[in-house]
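What follows is a single structure, written as structure tokens, with notes after it.
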Amino acid sequence: SWGGSEYYEEIKRCSGWYRAFSLKHMPSLLVYYILYFSSVIIVFTKGRNLPPLALSLCIVFICIGIVLNMLSTAQFLKTGRIWPDVSNISASSYMLNTIFSVCLLIKIIKQESDNALDREYENRFLNKINAIIGARCFLWAFILLIPVFVIITLILLLFGQEKDSLIKIWTETTEWRFSQKEHPPFLYSGGHYLCTVAACGHPCIVKPMRLGTRNGKTIIVNRQLMIANAYEDMLKRRLGKTHKAIRFIYDRYGYSVSKFITNKYASDIVYILMKPFEYFFLINLYLFELKPEHRINEQYEFLSD
């Protein structure tokens, strides 16, 4: 969820995605998440043995973390129309964090209500704080929320963050719930061609081999795509009129189908559905070509770094 490209970068639609969080404002979110997770660990392990002020501060950071988790969950639940695997997994993880944190707060507040007034410390100052806060640590956590938030924001300002970085972390993105930025046009992926789109699926399924070029544009190339293109070349050379008719029908209806292939899962399905055609093309190549593998491997110019 923390990977991907910034909203102003060009990407290939089928092989990349845009960040759900702005990299520029990431330090602000990281600081609060570090404080949040640290507080969760401290409260989970030592909740009933913490001084009331320390417990109240931990509750402050846990409350902030819960809000951040809820906003992050909403950010990922926008659509997932381009990269649902990233979106769904990330939303689920933030949602689980929220549920765990809320349950932890309920548990510790109930315990503190029962035990805080009976606790005594050897230190007179801690005893006085305990008497003031007592079972009302949750109330004091809300009182401390704003000053703690202001202090941390001021510290972050000293390190180059902006006062509204916790807002821009989500808004200075594209394609997500709170995004307010537009991305550049997606780089060409040969989407008019089903085999080209299929090559953009999950690598473990579609087995991409290398990059290649079509009409000067970069595309992902796998064996299925090379076989299909080699067969089309053979058909064009041997049966020109038949090839022209097939090409006309394919160009007319293939693009309408390819418009619905907007993520890796759809590409995987197309790849699997195209398998029988791939075997048919391959058999014909081995029947009518003297060097079928050479014909297959020469498809699309290889791009070197």
Side-chain angles (χ1 to χ4, degrees), residues 1-13 16-43 53-83 86-102 104-105 138 140-187:
S1 65
W2 297 64
S5 303
E6 290 293 282
Y7 69 88
Y8 49 80
E9 297 175 343
E10 294 181 333
I11 66 169
K12 295 182 180 66
R13 185 180 185 88
W17 66 88
Y18 285 108
R19 294 179 184 273
F21 304 119
S22 170
L23 185 62
K24 177 182 177 181
H25 305 286
M26 191 78 76
S28 293
L29 192 62
L30 283 174
V31 167
Y32 280 105
Y33 265 123
I34 290 171
L35 293 170
Y36 159 66
F37 283 115
S38 300
S39 298
V40 167
I41 294 171
I42 292 171
V43 171
L53 183 58
L55 179 60
S56 296
L57 286 173
C58 286
I59 291 175
V60 166
F61 295 128
I62 293 175
C63 289
I64 293 174
I66 289 173
V67 174
L68 295 178
N69 281 333
M70 293 173 66
L71 291 172
S72 297
T73 300
Q75 178 83 329
F76 283 107
L77 288 179
K78 158 93 192 259
T79 58
R81 64 181 182 272
I82 297 177
W83 26 82
V86 176
S87 177
N88 295 339
I89 293 172
S90 299
S92 299
S93 65
Y94 287 109
M95 196 176 299
L96 288 174
N97 275 334
T98 302
I99 294 171
F100 176 80
S101 300
V102 170
L104 180 62
L105 281 183
F138 196 68
W140 278 95
F142 275 103
I143 295 174
L144 292 171
L145 183 61
I146 294 178
V148 167
F149 185 82
V150 170
I151 290 171
I152 295 176
T153 300
L154 290 174
I155 294 172
L156 289 169
L157 285 173
L158 296 176
F159 288 91
Q161 291 293 283
E162 299 177 19
K163 62 181 182 298
D164 53 354
S165 282
L166 274 186
I167 298 175
K168 291 182 177 179
I169 187 74
W170 291 289
T171 59
E172 289 194 353
T173 57
T174 186
E175 291 292 333
W176 302 101
R177 168 71 67 181
F178 303 117
S179 299
Q180 294 183 358
K181 300 294 183 179
E182 294 293 331
H183 58 74
F186 285 107
L187 293 179

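Residue numbers start at 1 and run along the sequence shown. It should be emphasised that the depicted structure is a prediction, and the values quoted were computed from it without experimental measurement.
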What distance do [X] atom [atom1] and [Y] atom [atom2] have between them, rounded to the nearest 0.5 Å?
{"X": "I99", "Y": "L104", "atom1": "CD1", "atom2": "CG", "answer": "13.5 Å"}
{"X": "S39", "Y": "L55", "atom1": "OG", "atom2": "CG", "answer": "10.0 Å"}
{"X": "I64", "Y": "I152", "atom1": "CD1", "atom2": "CD1", "answer": "5.5 Å"}
{"X": "I66", "Y": "L71", "atom1": "CD1", "atom2": "CG", "answer": "12.0 Å"}
{"X": "T73", "Y": "M95", "atom1": "OG1", "atom2": "CE", "answer": "5.0 Å"}
{"X": "K181", "Y": "K168", "atom1": "NZ", "atom2": "NZ", "answer": "8.0 Å"}

Candidate list Q161, E162, K163, test side chain to side chain donor-acceptor pair (under 3.5 Å), partner S28, passing option: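 Running side chain to side chain donor-acceptor pair (under 3.5 Å) over Q161, E162, K163 with S28 returns exactly one hit, Q161.
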
Verdict with supporting geometry, K24 and E6, salt bridge (charged side-chain N to carboxylate O under 4.0 Å, His left out): CA-CA 9 Å; K24 177 182 177 181; E6 290 293 282; over 6 Å; no

T173 side chain to I169 main-chain N or O, any donor-acceptor pair under 3.5 Å?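 The answer is no, because no donor-acceptor pair under 3.5 Å joins these two groups.
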
Which word best sums up how the rings of W176 and F76 line up, parallel for under 30°, tilted for 30 to 60°, or perpendicular for over 60°?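 Correct class here is perpendicular.
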
Compare every heavy atom of W170 with every heavy atom of A20, then report the nearest pair and how far apart it is.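 Nearest heavy atoms, A20 then W170: O-CD1, 4.1 Å.
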
Got I34 and V31 here, is their nearest side-chain heavy-atom distance under 4.5 Å?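 Counting from C-beta outward, I34 and V31 never come under 4.5 Å.
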
Identified ring-ring contact (aromatic ring centres under 6.0 Å, His included) partner of Y32 from the options F149, F61, F37: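 Result: among F149, F61, F37, F149 is the only option passing the ring-ring contact (aromatic ring centres under 6.0 Å, His included) with Y32.
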
Among V40, V43, I59, the one residue meeting side-chain contact (heavy atoms from CB on, under 4.5 Å) with L105: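 Answer to the side-chain contact (heavy atoms from CB on, under 4.5 Å) test with L105 among V40, V43, I59: I59.
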
Is it true that the side chains of Y36 and N69 contain a donor and an acceptor less than 3.5 Å apart?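 Side chains of Y36 and N69: pair found under 3.5 Å.
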
